[in-house]
Amino acid sequence: MSANMYGLTEGALEKIMKGVDVDKPVFQMLGYKKLPNKDGTIGNDRYRLLVSDGKNMNSFTMLATQLNHLIENNILTEYAICKVSNYHLSSVNSGGKEKRVILIMGIEVTTPGSKVGCKLGNPTNIESKSEADSTTADKSTGQTTGRYQTNGTAQRSNSNNYGSSDISTTPIAALSPYQNKWVIKVRVTNKSPIRTWSNSRGEGKVFSMDLIDESGEIRCTAFRDMCDKFYDMLEIGNVYYISRCQLKAANKQFNSLKNDYEMTMTNDTEIVPCHENIEDIPTLQFNFCSISQVENKERNDIIDVLGVVTTFNDVQHIVKRNTGQEFVKRDINIVDDSNAMVSVTLWGKQAEDFDGSNNPIIAIKGARIGEFNGGKNLSLLNSSTLEKDPDLPEAHRLRGWYTTVGPSENAKSLSRVGGGGDFNAPLHTFEEATEARLGEKLNIPDSYTVMATICLIRVENSIYKACPVESCKKKLIDQSTGIFRCEKCNRDYPNFVYRLLASMNIADATGSRWITAFSEDAEKILGMSAQELGELKENDNEAYMQKFGDANFKRFMFSLRAKSEVFQDEMRVRHTCSSVAPLNYKTHLTHLIDKVSKLVHIERLESN
DNA sequence: CCCCCCCC
């Protein structure tokens, strides 16, 4: 098929790579690759595109991260014809060699790939190395600045000029430690308070801010003198020209922005407020993860989240244990259309001022995952930003869902409130459980909660060497040669993981049951991890036995599942522990009050 | 060079 049928700009790639401006070139998309993430985090994807102009192809084309949705929502698909409204040619250092990369910051699909259906023309691959002849282009723009090219040689963005002067700016996405002569035009989306620190390596003060432009985002940190110099002039929401900061690899543990790098101000750093064409610089960017995904995140992960506020608690005054310092907090619950709910903690003035009435939608950038009582929750940090009822397409979609469908009755709550844990099942004595014939129905398990004492915990066969495959967990056959066989996987492994499957008799004043507690619950009861227990067993069997002995007469709140099963031709009720919590004075009291209030409620119903 | 972000 002819390349011209769809108006591809033949020869554009060759020109662009040589540093010649091409106005709104039309390309065909031939494929893309998700670049591997260095730190294994999700949500920071970057896509490398293979584009064709009908004559040449170029695979050193990157998509600005805020355009990722075009790939993820299948808009920019294979064979699609697209008009590039904004791009930037930059150099990257790849294994000591300079490579030229086209960064796409504005693109519009003019004909969907499904309609085109094939590769147009017979394009050949274009060389991405920076060749000797391409430096002529550098000279033409007056930017011959040494080994690494410091700025775009070809740019098509009206916003990238200082008013009438022609000093061009660099997109954030093109910044790297390998170049130092750049000016970025960015909006400050967040600014932390100034904080002081003192440790073995010294003391000082620091603040950081988040910057954004049309190509991406980056964190910028200022230490000591730089705090004094720039803190007051920098305002959230305003646009600045910034130059001469030190780039370094981003520490993803503390920085969730979509950028491999972060930067630090230096004595040479210049920051100038910008008032021209500031509307070209976007405002806050979110990278939402659905609430159901929160369940699988790790503690301390930083995420962006969007949800409808279903309930909100009063503010609470709490005291930090080690410093005695007082804090104000407020917990709220949010849901989204993944049908999951999570608790979010706000702090300080934000907590005091928060009004959760009329089910507002909140968008949070940089919330931190926490764990409590076996559940997950979210907490705002100093670096987090919260927007109420944001004017975002995702928010309008979520509002539509909430008003038409709404959360279902079985929406999954990922958070566990203090004290009782996930013990929503009715609290019973064993006698009551017997009277209610719990667990005797066929195929339907019954859940209930008991407060009970461990009478006897079996030490035999409680710990086993299990298949290292997380989804398998099968007991391995120790071949005494340092090799372990899993019959389920039909494989030999050099390693194993310890797992617990503890059988115990628990009793309250009215009766008792034999129950089975699995890994996490058994670990809580024994006060040691399966791994530690396994090693203890190897090294000091007596101490290992003692650990189990120590568990006897301990009292816990057990969440139990009772289910009928056939065992040796007989029906029996098998009890498994689905959650266990320490039975302290407060949980005891909370559940007692809960129970009494239920009884009072029933009594009222009956007397009416 | 910070990296604390609190409580049940």
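Chain identifiers are assigned alphabetically (A, B, ...) following the order of the sequence lines, protein sequences preceding nucleic acid strands; residue numbering begins at 1 within each chain.
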**Message:** From the set B:dC5, B:dC7, B:dC2, return the single nucleotide nearest to any side-chain atom of A:Lys248.
**Reply:**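 Taking heavy atoms from C-beta onward, the closest nucleotide is B:dC2.
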
**Message:** At 4.0 Å (heavy atoms only), tell me whether A:Glu203 reaches a base, stays on the sugar-phosphate, or touches nothing.
**Reply:**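 The residue A:Glu203 makes no contact with any strand.
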
**Prompt:** Contact class for A:Ser208 (heavy atom, under 4.0 Å): base, sugar-phosphate, or nothing?
**Reply:**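 Nothing, no heavy atom under 4.0 Å.
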
Spacing between [X] atom [atom1] and [N] atom [atom2], to the nearest angstrom:
X        : N     : atom1 : atom2 : answer
A:Lys205 : B:dC2 : NZ    : C1'   : 14 Å
A:Ile302 : B:dC4 : CD1   : P     : 12 Å
A:Lys191 : B:dC5 : NZ    : C1'   : 19 Å
A:Leu346 : B:dC5 : CG    : P     : 17 Å
A:Glu352 : B:dC6 : CD    : P     : 17 Å
A:Phe372 : B:dC7 : CZ    : P     : 11 Å
A:Phe223 : B:dC4 : CZ    : P     : 13 Å
A:Met226 : B:dC1 : CE    : P     : 16 Å

**Prompt:** Excluding sequence neighbours, so at least two apart, what forms side-chain hydrogen bond (donor to acceptor under 3.5 Å, both in side chains) with A:Thr516?
**Reply:**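 In terms of side-chain hydrogen bond (donor to acceptor under 3.5 Å, both in side chains), with neighbours along the sequence ignored, A:Thr516 is linked to no residue.
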
**Request:** Tell me whether the guanidinium CZ or amine NZ of A:Lys388 lies under 6.0 angstrom from the six-membered ring centre of A:Phe354 and within 45° of its axis.
**Result:**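 Yes, a cation-pi geometry.
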
**Message:** Against the six-membered ring of A:Tyr231, is A:Lys205 placed for a cation-pi contact (under 6.0 Å from the centre, within 45° of the normal)?
**Reply:** no

**Asked** For A:Trp347 and B:dC6, do the ring centres fall under 5.5 Å apart while the planes stay under 30° apart?
**Response** no

**Asked** Is there a stack between A:Trp197 and B:dC1, judged by ring centres under 5.5 Å and planes under 30°?
**Response**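 No, A:Trp197 does not stack on the base of B:dC1, since the centre distance and plane angle fail the 5.5 Å and 30° test.
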
**Request:** Let me know, please, whether A:Asn382 or A:Glu371 comes out on the 5' side of the other along DNA chain B by nearest nucleotide.
**Result:** A:Asn382

**Message:** Considering only residues two or more places apart or on different chains, which pairs with a residue in residues 311-353 of chain A satisfy ring-ring contact (aromatic ring centres under 6.0 Å, His included)?
**Reply:**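 Counting only pairs at least two positions apart or across chains, no ring-ring contact (aromatic ring centres under 6.0 Å, His included) contact touches residues 311-353 of chain A.
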
**No-hydrogen, no-angle side-chain donor-acceptor test under 3.5 Å, A:Asn68 and A:Tyr47** = no

**Asked** Is a donor-acceptor pair below 3.5 Å formed from side chain A:Arg224 to base B:dC1, judging by atom type as modelled?
**Response**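 When only heavy-atom distances are counted, A:Arg224 does reach the base of B:dC1 through a donor-acceptor pair under 3.5 Å.
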
**A:Ser379 vs B:dC6: side-chain N/O to OP1/OP2 distance below 4.0 Å** =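 Affirmative; the distance criterion is met.
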
